[in-house]
Every structure is written in structure tokens, then in C-alpha cells.
Protein chains: 2
Amino acid sequence: MSKLGVVIVAAGEGKRMDSDTPKQFMYLAGKPVVQWSIEAFESVGAEIVVVLPEEYKDFNVEPHRSCVGGATRFASVKNGLAALDSDCDFIAVHDGVRPLVSKKLILSTLECAQRYTSGVPSLVVTDSLRRMTSHTGSSRAEDRTMFRTVQTPQIFRADILRKSYESAKNDTFTDDASVIASVGYRVAMTRGERRNIKITEPVDLRIAEVLMKEAPGPASQRHQ
Amino acid sequence: MSKLGVVIVAAGEGKRMDSDTPKQFMYLAGKPVVQWSIEAFESVGAEIVVVLPEEYKDFNVEPHRSCVGGATRFASVKNGLAALDSDCDFIAVHDGVRPLVSKKLILSTLECAQRYTSGVPSLVVTDSLRRMTSHTGSSRAEDRTMFRTVQTPQIFRADILRKSYESAKNDTFTDDASVIASVGYRVAMTRGERRNIKITEPVDLRIAEVLMKEAPGPASQRHQ
């Protein structure tokens, strides 16, 4: 069986939450948000590294490892990769603010990565989409059926992810699929789960509680 | 003061909900979903036409008017426009499955339309975005900061909306901004509200209930 490692990125400072506590450390159904992700990856036996902000560097993730993040998401993931054992065959990178990641999603994304070297969960876009075409507010309609929003965990063959983080030419990427694509590797998308939301605002904590009570089933997913 | 009319599009058959009841007629906090939109537009004194599916054509919208929808969204809006009084200065088109539309959003969108002839509420995209580049699954990263997802109500100067619906060359549009843009009119975007969600799956009803209890405030909105 191949060995899976995961870098859980929880280094953000969460300025959007109107609170001194970064969102990944706020409480959701009795646990810090990031703890839910840790437990999801425990359930699949992954080796876990949690990337923490400097001011939370003592947050207890035992028996797992933690490291401190950098100035950008790219720098934080890079620190996480350095802290992860070198014998992982596949590495997942997961946003610590997506507490509803399911065991099922981790396994289906891993399966995609085993088959195609990368696995990136994605969702169809259900709202009409426009592209800004100038700084004065002009825009044009885009065909939403051609777009996917992507989630995490994104899972990659370990050598590809590590090489990409060494070779990438800039550090402004918003996800890891973009990092590997920027150096020429293939991004394979797989079906995400709509319930796998990102906690970005206070109300998302309440929404996450509702979603936790819903049985995950076909109706809570969207086909790619 | 200018007169506002609204076409509330509630003609969909809601196949995605695993239910015989279309989502706009499901109950949310004690009322059919579409009723919430009707009351929001009542609160700003709009003239209201509700577009219904054939099998729900007797749904009671009194004291307002209703008409029956067509085979496409475009055809349904067109029927709604025909049923609306000809003396409206501005016309809003609103999805009947967005029950959380606020009086504030209607008024700010109307203000945009009064100033720029159209008002289209939009949100920034918070997930990474990819564009499919082939039917075999290839994709490329897109700069999410250049994109907006658009909501309803979309509000237009009445003559522009009516003319656009007469001149449009096809009927596959997913929103009204695309209709007016297709015949050369300007689309002006304004700030949407994140809580103004579309009910597309059963869990959205539960999420809507949570959002209804939240005080709408700056933190529940996203800047354009």
C-alpha cells in the first residue's frame, strides 16, 4: 500500500473574521476547526504535519508534527513539505479551514492521484459567471459550464509535488494544482463535495454545523 | 419616484432536489420558498409578476399576478415581461429560489440601475478556479480575482430590458445581464450579498434557515 502524507495548512491569520482568533482555531461543534481535518486524515492513516502561524506555534497537534508557516501560502506549504517524512508516496495538501473533508473524499482523491499522478477535487459553477475586462468595471459573460472551482485536499505523487515546489518561479499560487501545472505537470480533476466548505466568515461556522448533521449522500455532491 | 416592476422566475421543475415538489415551492421557515421573494419585493412596493410552472399555475400569489413559464429561462422571463405593466421605469428579474434577497440588496441594486441603466449584484470568487480546456479533462488555472459570480435580482431600465428580450438572437442565456449585453447594452455590477444563496439542493433549505437567523451585516457581505 502506498504511504500518504498530508500538509494541513493552518497558518492563516484570518483577518476576515472580525475576531482575534484565526478561523482555523475557532470552535466548531466542540473542537477547533483545524482539529476536524486532523481527525479526517487520521482516519485514513496519513502522516500528518500541521502548519501553524507563529503566534500559535504551541498549538498541540500531538501525536502529529507541526511547523511554522511563512509569509505566503506557498512558503507555508514548503515548510510543511520539509517537515514531512521523505518516504511518503503521495502527499495531500489540505486547507485547515475545510473541516468537513470526508474520509470518502480523501480516498477518492487519492485514487485519482494514484491513477493520474494528481487528484484535485472540483465542483461545477452553479451561478452565472462574468470576467472583469477592465479596472473601470467592464465585464463579459463566461460560459460557466467550462469552469470548476477547486477544493482541497489536493493529492499528488510526492516526487512531483516536491519537485514543483523547488522549481516554481513565483510564490503567488492560490493552490497546489497551479504550482505543479506551472512547471509542466498534469492536473487531474476529480469530483469534490459541496459540503466541503471553506470557513471564511463567522456564519460559515453555523453552516458547517448544519452540514455536519446532514447525511452525506449523492444529493450533497455535484458531478464534475 | 421611479416605478419598479419585478419578474420572479419560479418556473423551474427542480429535478435536482430528489422530490416531486419543485424547490421554489418547498417550505422554508413556514412559507414556500418563493413567498419569501414575493414579500421582499412587496417591502419595496414593486409591481410583482410570478412566473409559474404549468403544473403549479394555480399557486396563489394574490394580490399579485402570475403567468406560466416557457421551455427555457429566457422564454419564462419573456412571458413575465409581457404580464408586467408597461409603465414600469425599472424592471428586476429575480430567481424564485433565492429567498434570502434583502430589501437592502434590492435598493442598492436599483440605485446602481438608476445610475448606470443596469445593476447586477456580484460576488468575488473565493475558491481557486480552473477552466476546462478539452473534453478529456485538461484544464488551466484562471486568476480568480478577475471573476465574479452573479446573483439576482438583476435590475434594468425597463426599455433596455424589453428591447433586449425582443432582439436577442438565442435563448440559452443563464441570466439577464447576458441578454442585455448580447445586444450591446452595458452591464454594471454592484455588490451582492453572500447570504443571498440559491436553493438547489435539500441541504440549502437548512443553510437558508441558519442564514435567516444571522443578522445581516458587513461581515456577511463580500466586496465586489
Side-chain angles (χ1 to χ4, degrees), chain A residues 16-18 116 120 122-123 125-133 137-152 154 173-179 181-182 186-189 192 194-195 197-198 200-204 206-207 209-211 213-214 217-222 224, chain B residues 16-18 116 120 122-123 125-133 137-152 154 173-179 181-182 186-189 192 194-195 197-198 200-204 206-207 209-211 213-214 217-222 224:
Chain A
R16 215 182 261 138
M17 291 293 267
D18 304 329
Y116 301 111
V120 174
S122 73
L123 296 180
V125 175
T126 55
D127 288 321
S128 296
L129 198 64
R130 299 190 70 80
R131 178 197 289 267
M132 308 301 290
T133 51
S138 305
S139 62
R140 68 161 189 270
E142 289 276 2
D143 176 3
R144 69 183 177 196
T145 66
M146 297 305 290
F147 289 81
R148 301 291 181 273
T149 53
V150 303
Q151 306 185 320
T152 70
Q154 298 184 355
F173 303 99
T174 59
D175 73 342
D176 304 281
S178 309
V179 178
S182 79
R186 177 179 174 192
V187 173
M189 289 199 278
R194 196 169 170 229
R195 67 199 309 270
I197 61 168
K198 191 151 81 171
T200 55
E201 303 183 17
V203 69
D204 295 325
R206 250 82 65 206
I207 291 174
E209 274 171 24
V210 169
L211 291 168
K213 286 175 202 147
E214 294 283 315
S220 70
Q221 299 183 356
R222 285 285 169 76
Q224 182 188 317
Chain B
R16 216 183 260 137
M17 290 294 266
D18 305 329
Y116 301 111
V120 174
S122 73
L123 296 180
V125 175
T126 54
D127 289 319
S128 297
L129 197 63
R130 300 189 70 79
R131 178 197 287 268
M132 308 301 291
T133 52
S138 305
S139 62
R140 67 161 188 268
E142 290 275 2
D143 177 2
R144 68 183 177 197
T145 65
M146 298 304 290
F147 289 82
R148 301 291 180 271
T149 53
V150 304
Q151 305 184 321
T152 71
Q154 298 183 355
F173 304 99
T174 59
D175 74 342
D176 305 281
S178 310
V179 177
S182 79
R186 177 177 174 195
V187 173
M189 289 198 278
R194 195 167 170 233
R195 66 200 310 273
I197 61 167
K198 190 150 82 169
T200 55
E201 302 184 16
V203 69
D204 295 326
R206 248 83 63 206
I207 292 174
E209 275 170 24
V210 169
L211 292 168
K213 287 175 203 150
E214 294 283 315
S220 71
Q221 299 182 356
R222 284 288 170 72
Q224 182 188 313

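Quick note on labels: first sequence line is chain A, next is B, and so on, each numbered from 1.
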Quiz prompt | Inter-residue atom distance A:I207.CD1 - B:I207.CD1, 0.5 Å rounding | solution = 5.5 Å

Quiz prompt | Spacing of OG1 belonging to A:T126 relative to CZ belonging to A:R194, to within rounding of 0.5 Å | solution =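 Separation between the atoms: 6.0 Å.
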
Self-check item: Partner chain B: residue of A:S128, A:S182, A:S139 with the largest heavy-atom pair count (under 4.5 Å)
Solution: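 Ranked by contacts with chain B, first place is A:S128.
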
Quiz prompt | Pick from A:D175, A:V150, A:T152, A:D143 with the largest number of heavy-atom pairs that fall under 4.5 Å of chain B | solution = A:V150

How close do [X] and [Y] get, counting heavy atoms only, and between which atoms?
X: A:R195; Y: A:L211; answer: NH2-O, 2.6 Å
X: A:R130; Y: B:A181; answer: NH2-CB, 4.4 Å
X: A:D204; Y: A:I197; answer: O-CD1, 3.9 Å

Pick one of side chain, backbone, both or neither for [X], based on which atoms fall under 4.5 Å of a heavy atom in chain B.
X: A:R140; result: neither
X: A:V210; result: side chain
X: A:E142; result: side chain

Quiz item: Who among B:Q151, B:R144, B:E209 has the most heavy-atom pairs with chain A under 4.5 Å?
Solution: B:R144

Exercise. Please check if the side chain of B:Q154 supplies one atom and the backbone of B:D176 the other of a donor-acceptor pair under 3.5 Å.
Key: yes

Quiz item: What part of B:A177 is in contact with chain A, defined as an atom under 4.5 angstrom from a non-hydrogen atom: side chain, backbone, both or neither?
Solution: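 Looking at B:A177, backbone and side chain both touch chain A.
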
